[in-house]
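What follows is a short report on a single structure.
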Amino acid sequence: MTDESTIHKAAEFDDKSLWDKLASAAGKAGREVIEMALKLYYALLDSDTPLWAKSIVIGALGYFINPIDAIPDVLVPIGYTDDLGVLAAAFAAVAAHIKPEHSERAKDWVEHNL
């Protein structure tokens, strides 16, 4: 199995968890967190995104999905600040690989689901 196929398997494995988290966190996390997670997710699915960038995205989305993190998500309004920080750091690291279509898909999802 190649490194690229391993990344795709990891993304497929966490796919349901990500969508479950987005559905449960949509109202609490805020538009910015959800939209950033989706931009990263769509970049992850893009075959043009390099392996190193996909690794960073998987780490950030894994942190977002994980129910155990630095600041528990149930602590409103600060519960998602750590998630936002991790997602923002990942976004900054891979920003050159976030395409306009990734942003548009994320924005479209947020507009239709929040």
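Small disclaimer: the values here were computed from a predicted structure and weren't measured.
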- Task: With sequence neighbours excluded, tell me which residues meet side chain to side chain donor-acceptor pair (under 3.5 Å) with N113.
- Result: none

Give every donor-acceptor pair under 3.5 Å between a side-chain atom in residues 29-39 and any protein atom, sequence neighbours left out.
unit_1	atom_1	unit_2	atom_2	d
R31	NE	E35	OE1	3.3

- Once you round to the nearest 0.5 Å, how far does CG of L61 lie from CD1 of I56? 12.0 Å

Do [X] and [Y] make a side-chain contact, defined as non-hydrogen atoms from C-beta onward lying under 4.5 Å apart?
| X | Y | result |
| --- | --- | --- |
| E101 | Y42 | no |
| F91 | L40 | yes |
| Y41 | V57 | no |

- Does D20 have any salt bridge (Lys or Arg N to Asp or Glu O under 4.0 Å) partners at least two apart in sequence or in another chain, and if so, which? K16

- Can you list every salt bridge (Lys or Arg N to Asp or Glu O under 4.0 Å) pair that touches residues 57-67, not counting sequence neighbours? none

- Note on the structure: Taking every heavy atom of F64 against every heavy atom of L87, the minimum-distance pair comes out as CD1-CD1, 4.1 Å

Donor-acceptor contacts under 3.5 Å from residues 93-100 side chains, at least two apart:
unit_1	atom_1	unit_2	atom_2	d
K99	NZ	D46	OD2	3.0
K99	NZ	D48	OD2	2.6

Throw together a table of side-chain donor-acceptor distances under 3.5 angstrom for residues 103-112, partners on residues two or more places apart or in other chains.
unit_1	atom_1	unit_2	atom_2	d
D108	OD1	H112	ND1	3.0
H112	ND1	D108	O	2.7

- Message: Strictly distance-based, threshold 3.5 Å: is any side-chain N or O of T49 a donor or acceptor partner for the main-chain N or O of K54?
- Response: no

